[in-house]
Amino acid sequence: MKHAINALLIIIIFVFCHYVMRLFWGEGWSSWLSNIDEQTGILFIPAKFIFLYGPLVLAAIILFKQDRLLESIGLNYEGFSHFTLAAVLCCTPMTLGYAFLSSELHLSIPAIITGSIYAGFFEEVIFRTALFGVLFKYCRWGFIPAALISSVIFGMGHIYQGNEPLSAMMAVTVTTIAGTWFAWLYCECGYRIWFPMWMHIFMNAAYGIFGMSGGAAGDLQGNLFKATAIVLSIVYVEMLIRKGKPREVVLFKLLQTRAHSAACAAN
C-alpha cells in the first residue's frame with residue numbers, strides 16, 4: 001500500500017509540474033531572462049526547467065531519502081568518469097559518420113549548451129530518475145509500465161519536431177523508444193544517470209553540430225550511424241554484467257510489481 005501511495009503522489013506531482021506549473025511561469029520572467037542572456041537560452045532554459053520540475057525532484061529526494069543525498073535521483077558521483085569515457089567511446093563512430101555525411105558545421109557554443117547539455121541533463125533527471133526511476137526502483141512498478149508512462153510523455157514533448165502529422169507521429173514514436181532505451185541504460189548502470197545522460201548529450205551534440213536532417217526520426221544513413229551508438233551502449237552494459245553487475249531488468253520485472261514477482265519466483 002505504501003508503494004502505491006508513493007507512486008500516486010509522484011504521478012500527481014509530475015502532472016502538476018508538467019501541466020499546472022506552466023501557468024505560474026509568467027511571460028515577464030521569459031522576457032527578462034531572455035534579454036539577460038541575449039536570447040541564447042543559457043539562463044532562460046535552466047531557470048524554467050528548475051521552476052517547472054523542481055517540486056518533482058525535491059519530492060523524489062524527500063520521499064525516497066537515501067544515505068547519500070542525491071542517490072534517489074541518480075546523481076551520486078560514483079562512476080562519473082568511467083561512464084563519461086564509455087559514452088565517448090560509444091558515440092565516436094556515430095560522430096565520425098555524421099562528420100562524413102555532413103556538408104555543414106554548426107559550432108555554436110550556446111546552441112550546444114542549450115540543445116545538448118541542458119537537454120541531456122534536465123530531461124534525464126526529470127524523466128529517467130525523478131519519474132521512471134522512482135516508479136521502477138522505489139515504487140516497485142514493472143519496467144514496461146514505468147518506462148511507458150515516462151517515455152510517452154517524453155516523446156510527446158518532441159511532437160514539434162514533425163512538420164506534418166506523419167512526421168510528428170514518427171518523432172513521438174522514435175523519442176518514446178529512445179526514452180525507454182535511456183531508462184534501460186539508467187537501470188543497468190546501477191541507477192546512475194551519468195551514462196544515459198552523456199549518451200543523450202553526445203548524440204544531440206553530434207546531430208546539431210553536423211546539421212543532420214530528418215528531425216528526431218532522422219534519415220536512413222544518419223540512422224545507421226546512430227545505430228552504432230545504440231549497439232555499442234548495449235555491448236557496454238553486457239560487459240558490465242559479465243563482470244559481475246547484477247542484471248536489473250529481467251523478465252519477471254517487466255510487467256509485474258517486484259514484490260509480487262519475487263513471490264512468484266520463490267514459488
Side-chain angles (χ1 to χ4, degrees), residues 3 6-7 10 14 53 56-92 117 119-151 154 177-204 229-259 261-262 265:
H3 297 309
N6 285 340
I10 283 295
F14 175 80
Y53 296 102
L56 174 69
V57 174
L58 188 61
I61 293 172
I62 293 172
L63 285 173
F64 307 99
K65 185 178 179 182
Q66 302 295 299
D67 292 337
R68 298 176 180 178
L69 180 61
L70 300 178
E71 179 75 20
S72 58
I73 55 169
L75 291 177
N76 187 318
Y77 191 77
E78 183 181 349
F80 177 84
S81 58
H82 179 82
F83 290 132
T84 303
L85 177 59
V88 169
L89 295 175
C90 288
C91 291
T92 295
I117 297 174
F121 177 76
F122 286 109
E123 289 176 3
E124 291 307 308
V125 169
I126 293 163
F127 291 98
R128 248 61 72 190
T129 66
L131 184 56
F132 162 78
V134 159
L135 293 176
F136 180 68
K137 183 180 180 183
Y138 298 108
C139 297
R140 299 185 179 180
W141 280 31
F143 177 83
I144 291 176
L148 281 180
I149 197 171
S150 59
S151 298
F154 174 69
I177 294 171
T180 304
W181 167 56
F182 285 135
W184 178 75
L185 292 180
Y186 168 64
C187 293
E188 299 297 359
C189 289
Y191 301 101
R192 300 286 182 272
I193 200 58
W194 309 121
F195 186 58
M197 181 198 76
W198 283 121
M199 291 294 294
H200 196 156
I201 288 172
F202 293 149
M203 293 176 79
N204 276 18
I230 296 170
V231 170
L232 287 173
S233 73
I234 295 171
V235 170
Y236 169 68
V237 167
E238 291 302 318
M239 287 173 58
L240 292 180
I241 292 169
R242 285 179 177 273
K243 289 181 178 179
K245 186 202 78 67
R247 190 183 294 276
E248 292 296 326
V249 183
V250 293
L251 185 61
F252 70 81
K253 290 182 182 178
L254 292 180
L255 291 172
Q256 297 173 303
T257 62
R258 295 187 191 185
S261 299

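- With values rounded to the nearest 0.5 angstrom, Ile149 atom CD1 is found 4.5 Å from Trp141 atom CH2.
- Side chains of Arg247 and Glu238 form a contact here, defined as non-hydrogen atoms less than 4.5 Å apart.
- Side-chain contact check for Glu248 versus Lys253: some heavy-atom pair is nearer than 4.5 Å.
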Determine whether Leu240 and Glu188 satisfy the following criterion, side chain to side chain contact (heavy atoms under 4.5 Å, CB included), listing intermediate values before the conclusion. CA-CA 8 Å; Leu240 292 180; Glu188 299 297 359; over 6 Å; no

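- Of the charged side-chain nitrogens involved, at least one lies within less than 4.0 Å of a carboxylate oxygen, so that Glu71 and Arg192 count as a salt-bridged pair.
- Smallest separation of non-hydrogen atoms from Ile10 and Leu56: O-CD1, 4.0 Å.
- Once rounded to the nearest 0.5 Å, the distance linking OG1 of Thr92 with CG of Leu232 reads 9.0 Å.
- Minimum heavy-atom separation, Ala147 to Thr180: CB-CG2, 4.1 Å.
- From Leu135, atom CG reaches atom CG of Leu148 across 11.5 Å, with rounding to the nearest 0.5 Å.
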Compile the donor-acceptor pairs under 3.5 Å between side chains in residues 81-88 and protein atoms, sequence neighbours left out, one pair per line.
residue : atom : partner : partner atom : Å
His82   : NE2  : Tyr236  : OH           : 3.0
Thr84   : OG1  : Phe80   : O            : 2.7
Thr84   : OG1  : Trp198  : NE1          : 2.7

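- Residues Trp181 and Ser151 form no side-chain contact, since every pair of their non-hydrogen atoms from C-beta on lies 4.5 Å or further apart.
- Each of Phe143, Tyr138, Trp184 was checked for a ring-ring contact (aromatic ring centres under 6.0 Å, His included) with Phe132, and the lone residue meeting it is Phe143.
- Rounded to the nearest 0.5 angstrom, Ser150 OG and Phe136 CZ are separated by 11.5 Å.
- Using cut-offs of 30° and 60° for the angle between ring planes, the Trp194 and Tyr77 rings count as perpendicular.
- A 4.5 Å side-chain heavy-atom check between Ser72 and Val134 finds every atom pair outside the cut-off.
- You'll find the side chain of Ser233 reaches within 4.5 Å of the side chain of Met199, heavy atoms only.
- Scanning all heavy atoms of the two residues, the minimum distance from Cys91 to Met203 falls at SG-CG, 3.9 Å.
- Between Phe64 and Cys139 the shortest heavy-atom distance is CZ-SG, 3.8 Å.
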Pair Leu75-Phe121, side chain to side chain contact (heavy atoms under 4.5 Å, CB included): steps then yes or no: CA-CA 10 Å; Leu75 291 177; Phe121 177 76; 4.1 Å; yes

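- Taking the side chain as every heavy atom from C-beta outward, Ile73 and Ile61 approach each other to under 4.5 Å.
- The distance from the CD1 atom of Ile201 to the CD atom of Glu123 is 10.5 Å, given to the nearest 0.5 Å.
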Glu124 and Tyr186: side chain to side chain donor-acceptor pair (under 3.5 Å), yes or no, with the steps? CA-CA 9 Å; Glu124 291 307 308; Tyr186 168 64; over 6 Å; no

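- Here the CG atom belonging to Leu185 is positioned 8.0 Å from the CD1 atom belonging to Ile234, to the nearest 0.5 angstrom.
- Applying the ring-ring contact (aromatic ring centres under 6.0 Å, His included) test to Phe154 and every residue at least two apart in sequence or in another chain returns Phe127, His158.
- Lys245 NZ: more than 12 foreign heavy atoms inside a 6.0 Å radius.
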